[in-house]
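Written below as structure tokens is the structure these notes are about.
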Amino acid sequence: MKKAETSFSELLQSFPPEEGSIIPLLQNAQARLGYIPEEAVEVIADYLKLTESQIFGVASFYSQFRFTEPGRHSISVCLGTACHVNGGATLLETTERELNVKPGECTADKRFDLNRVACLGCCALAPVVKIDGEIHSKVNVINLKEMWNHYD
Amino acid sequence: MINITTLQKKSLIEWEALTHSNEPVIYLGMASCGKAAGAEKVKQVILESLKVHSINAKLIEVGCVGTCYLEPIMDIRAFGWPRISYGNVDEKRAEYIIQKHLVERNLSKTKPLGYLGNVPFDNIPPFSEQPMLKPQVRIVTRNCGIIDPENIHHYLANEGYSGIAKALKMTPLEVIEEITSAGLRGRGGAGFLTGRKWRTCYDTQSDVKYLICNADEGDPGAFMNRLLIESDPHAVLEGMLIAAYAIGATLGYIYIRAEYPLAIKRLQNAIEQMHKYGLLGDNILGSTFSFSLKIKEGAGAFVCGEETALIHSIEGKRGMPRTRPPFPAVSGLHQKPTVINNVETLGTVAQIIRNGAQWYRQYGIEGNYGTKTFSLVGKVRRSGLIEVPLGTPLRKIIFDIGGGTVKPFKAVQTGGPSGGCIPLELLDTPVTYETLASIGSIMGSGGLIVMDQDTCVVDVARYFLDFIQKESCGKCTPCRVGTRHMVEILENICHGEASADQLDNLETLAKLVQSTSLCQLGQTAPNPVLTTLRYFRSEYVQHINEYYCPALVCSSLIEYTVIKEKCTGCQRCVSVCPTEAITGPRSEPHNLDPSKCIKCRSCYEICRFDAIAGNAIVITSK
Ligand SMILES: Cc1cc2nc3c(=O)[nH]c(=O)nc-3n(C[C@H](O)[C@H](O)[C@H](O)COP(=O)(O)O)c2cc1C
Ligand code: FES
């Protein structure tokens with residue numbers, strides 16, 4: 001974790017040491033590391049002069065933060081209302097079953113992690129699935145499986 | 001000193017140069033919806049084609065007009081012709097249009113959507129005559145899809161920042177008075193009079209005041225705020241300047257959900273440009289007014305859209321709502337007077353100041369003046385973002401603008417998880433804050449989800465309750481425990497495992513949660529259940545008494561079968577079935593073993609799209 005700590009200490013300096021910095025710091029940590037390892041919580045707590053459980057208390061409230069290592073690619077299945085009425089839940093079930101992965105977790109080969117998301121704002125083209133930064137629209141169970149092939 | 005007239009003049013020259021350019025100009029819709037529809041790939045094809053034909057053309061990335069169902073959208077302006085718009089431009093079509101329009105100068109087969117501007121052209125219809133656009137009144141969205149959202153000159157050339165320039169010549173109280181008499185009400189959901197909120201903040205004595213733009217857009221299935229920020233960020237930012245000037249705020253925050261990376265990028269870019277032009281920072285446009293802005297990314301909690309929870313979140317705390325009063329306008333962020341307004345509210349402000357309260361009041365109806373944007377989605381033919389005067393009947397929105405549904409219409413859901421399902425009989429209801437509330441729903445932030453006969457209302461109620469139950473902050477028992485019980489009952493009903501008295505329990509529980517929850521999240525959570533019980537009770541009863549889901553959605557109550565007469569035995573379904581439930585040799589009708597079937601829909605979809613016969617697999621009631 002040494003590497004994370006070094007890059008982290010520079011990052012810390014760019015935020016004022018106050019409570020309002022907790023969320024931005026966690027977001028930055030996650031953007032860099034892909035998740036929030038325990039060490040990051042330690043470092044942030046130290047810098048803000050708060051306890052680790054205070055930091056963790058805030059982090060666990062928000063669904064954005066993940067505490068396990070992500071896969072090489074991230075799949076987010078939209079479960080917003082527009083996607084739901086157009087079959088979003090089936091897409092999630094199919095992904096879970098075919099890739100043998102649960103939301104919030106990562107496949108055994110670390111190829112994909114799976115997330116549920118409450119709306120990606122592309123509701124007019126529902127149902128949608130995001131892989132890494134790219135949003136795929138009008139997905140069905142057939143083209144869903146084809147999509148995965150482009151990510152290894 | 002920076003002068004707004006000079007800035008606008010300079011921008012207008014750039015804008016005119018673009019509209020009268022000798023080089024062709026190509027405008028490509030690159031908002032999130034355009035990108036999701038494949039605009040990135042289309043862009044590559046366009047660039048490639050231009051190279052092949054040695055055409056020097058400008059490519060400008062614009063936002064979204066709101067006709068999302070036509071994405072990717074590409075406009076071309078060339079040869080002194082007007083800007084001509086094309087829809088559903090996939091890679092192949094992009095190449096074809098470039099060839100026809102720019103190389104052959106022949107539009108006879110390019111099927112344009114229409115021309116922009118007001119000079120008639122050939123036998124092409126005006127773009128504004130598009131069925132989805134014609135009934136609309138576009139005030140907030142006027143620039144969306146038209147200008148380059150990353151170029152402040154485009155905004156300036158279209159009267160941008162003349163609102164703040166005018167406001168700075170008025171007193172703050174005059175600005176507040178103008179907004180109040182325009183009758184503008186908060187577009188975030190509650191519909192509180194914006195001018196009155198500002199006045200409360202103005203009247204509260206304090207050394208520091210804050211302004212917050214609420215861009216959390218938590219309603220899952222709504223994207224009005226995303227589209228506006230992505231397509232015309234300066235409209236919102238100018239509104240923030242005016243609001244800050246009126247209430248006396250020196251620091252502002254934009255609280256935006258992290259799921260909107262492109263909107264965040266557009267805001268960052270816009271803010272940078274504002275600084276460059278003296279539109280942010282000290283002494284804005286040479287006045288004594290100073291204001292700075294920070295972007296705060298949300299971290300994925302629906303309840304943080306609620307204003308007091310949002311404040312807690314900015315302060316770095318768990319996003320729990322608190323009881324009001326005190327209202328944030330009196331004691332908000334860091335206990336200082338704080339105005340929180342929705343993106344769309346702020347996006348309207350500059351227009352009101354620019355054109356006057358009277359002008360704004362010509363739209364809408366008494367008590368509900370002006371326009372409102374809606375994201376029209378679900379089972380509707382023409383989906384996208386629309387803007388209509390308040391008071392427009394739902395029927396006009398869904399059928400005239402949205403083109404209705406392919407299968408018979410069942411209901412429209414307004415107001416997101418806090419709203420309700422409205423049946424066909426009530427579609428003549430004009431959309432106002434009060435009328436929607438009177439029929440058990442709410443206006444909300446503008447999500448309109450259209451449902452047809454293939455949508456199960458019990459499943460939708462379960463969906464919303466499940467959403468709320470997961471998002472409940474857990475502070476009060478009715479919301480935390482009550483919603484969980486409601487989800488359990490609804491799940492039982494969906495599985496055909498509920499008894500008739502559970503329907504009464506559900507109703508009692510819903511009313512209890514409604515009346516005893518601490519904040520609006522819990523208080524409004526039962527609305528989807530109560531409205532569906534009110535308007536679609538028979539569907540609940542069918543699930544319970546007949547184990548029948550009329551929409552054929554609830555998986556415990558349906559089964560998949562192969563129609564022997566239709567099946568040609570192409571084996572496509574056999575290859576996609578994950579449980580080997582389908583068997584049968586090639587060229588003979590297949591067998592589907594219901595005991596092995598997990599209802600994953602794979603065979604159904606592949607038969608619809610890819611099989612030789614098509615539609616040989618059907619879903620029926622058990
Ligand atoms: C559970 C809940 C979620 C909310 N989510 C949002 C939201 O995503 N965006 C928003 O502008 N207002 C939301 N609101 C309303 C805000 O509390 C607040 O009324 C609004 O931002 C005020 O701005 P306005 O007066 O311009 O509408 C929500 C309210 C509740 C109770
Ligand atoms: S509901 Fe899926 S993108 Fe909005």
Side-chain angles (χ1 to χ4, degrees), chain A residues 18-27 30-31 48 50 54-55 57-65 76 78-91 93-94 97-98 116-126 128-130 133-138 140-145, chain B residues 32-33 35-38 68-69 71 217-223 226-227 258-261 263 296-302 304 313-320 375-379 383-385 413 416-417 447 449 451 455 460 463-464 467 471 473 576 578 598 600-602 605-606 609-610:
Chain A
E18 60 194 26
E19 219 181 348
S21 299
I22 298 180
I23 296 171
L25 275 170
L26 287 166
Q27 284 171 330
Q30 180 151 312
L48 299 180
L50 296 166
Q54 275 173 306
I55 306 291
V58 172
S60 61
F61 183 85
Y62 297 96
S63 65
Q64 185 191 10
F65 300 118
S76 302
C78 180
L79 297 174
T81 320
C83 290
H84 179 78
V85 302
N86 282 301
T90 312
L91 299 179
E93 280 163 26
T94 306
R97 190 185 55 246
E98 300 279 319
R116 321 157 48 112
V117 50
C119 178
L120 291 163
C122 294
C123 327
L125 303 168
V128 306
V129 171
K130 186 167 92 171
E134 201 177 339
I135 296 178
H136 302 263
S137 58
K138 302 205 170 138
N140 61 46
V141 283
I142 304 301
N143 62 24
L144 174 74
K145 296 179 206 169
Chain B
S32 297
C33 35
K35 288 191 180 184
C68 304
Y69 77 108
E71 294 281 6
E217 192 147 68
D219 176 357
F223 58 94
R226 168 191 71 72
L227 189 136
E259 287 85 351
Y260 289 173
K296 281 271 179 184
E297 275 183 48
F302 172 67
C304 285
S313 179
I314 294 185
E315 290 170 349
K317 304 190 173 89
R318 292 164 73 92
M320 304 252 202
S375 69
L376 183 57
V377 299
K379 300 293 182 67
S383 56
L385 183 103
Q413 214 277 346
I449 308 212
M451 302 171 185
T455 317
V460 167
Y463 163 81
F464 279 121
F467 177 85
E471 292 293 337
C473 78
V576 294
I598 55 166
C600 72
R601 217 179 155 85
S602 300
E605 297 275 359
I606 201 130
F609 295 119
D610 228 4

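Chain letters run A, B, ... following the sequence lines, proteins first, then strands; residues in each count from 1. None of these values were measured; they are calculated from a predicted model. Values below: all heavy atoms of this structure, side chains included; hydrogens, waters and symmetry mates excluded.
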Worksheet item: Taking all non-hydrogen atoms of both residues, which atom of Glu98(A) and which atom of Pro578(B) are closest, and how far apart?
Response: OE2-CB, 3.5 Å

Worksheet item: CD1 of Ile598(B) to CZ of Arg97(A): how many Å apart, nearest 0.5 Å?
Response: 3.5 Å

Worksheet item: Do side-chain atoms of Tyr62(A) reach the backbone of Gly298(B) as a donor and acceptor pair under 3.5 angstrom?
Response: no

Discussion item. So which atom in Cys304(B) and which in Phe61(A) form the shortest heavy-atom distance, rounded to 0.1 Å?
Written reply: SG-CE2, 4.4 Å

Worksheet entry | Part of Val128(A) within contact of chain B (heavy atom distance under 4.5 Å) | neither

Practice prompt. Among the options Pro24(A), Gly57(A), Cys83(A), pick out the one with the most heavy-atom pairs lying under 4.5 Å from chain B.
Written response: Gly57(A)

Practice prompt. Specify the closest pair of heavy atoms between Gly221(B) and Cys119(A), including all atoms of both residues, with the distance to one decimal.
Written response: N-SG, 3.4 Å

Worksheet item: Measuring heavy-atom distances to chain A, does Ala37(B) have an atom under 4.5 Å in its side chain, in its backbone, in both, or in neither?
Response: both

Worksheet entry | Check: Ser63(A) side chain, Gly300(B) main-chain N or O, donor-acceptor pair, under 3.5 Å | yes

Discussion item. Which one wins on heavy-atom pair count under 4.5 Å against chain B: Lys145(A), His136(A), Glu93(A), Gln27(A)?
Written reply: Gln27(A)

Worksheet entry | Pairwise distance CG(Leu91(A)) to SG(Cys600(B)) - rounded to 0.5 angstrom | 11.5 Å

Worksheet entry | Which of Thr90(A), Val58(A), Leu120(A) touches chain B most, by non-hydrogen pairs under 4.5 Å | Val58(A)

Item to complete: Would you check if the side chain of Thr81(A) reaches a backbone N or O of Pro220(B) as a donor-acceptor pair within less than 3.5 Å?
Response: yes

Worksheet item: Between Ala118(A) and chain B, which part of the residue has a heavy atom less than 4.5 Å away: side chain, backbone, both or neither?
Response: both

Discussion item. Taking side chain as everything from C-beta outward and backbone as N, CA, C, O, which of these in Ile135(A) sits under 4.5 Å from a heavy atom of chain B? Side chain, backbone, both or neither.
Written reply: both

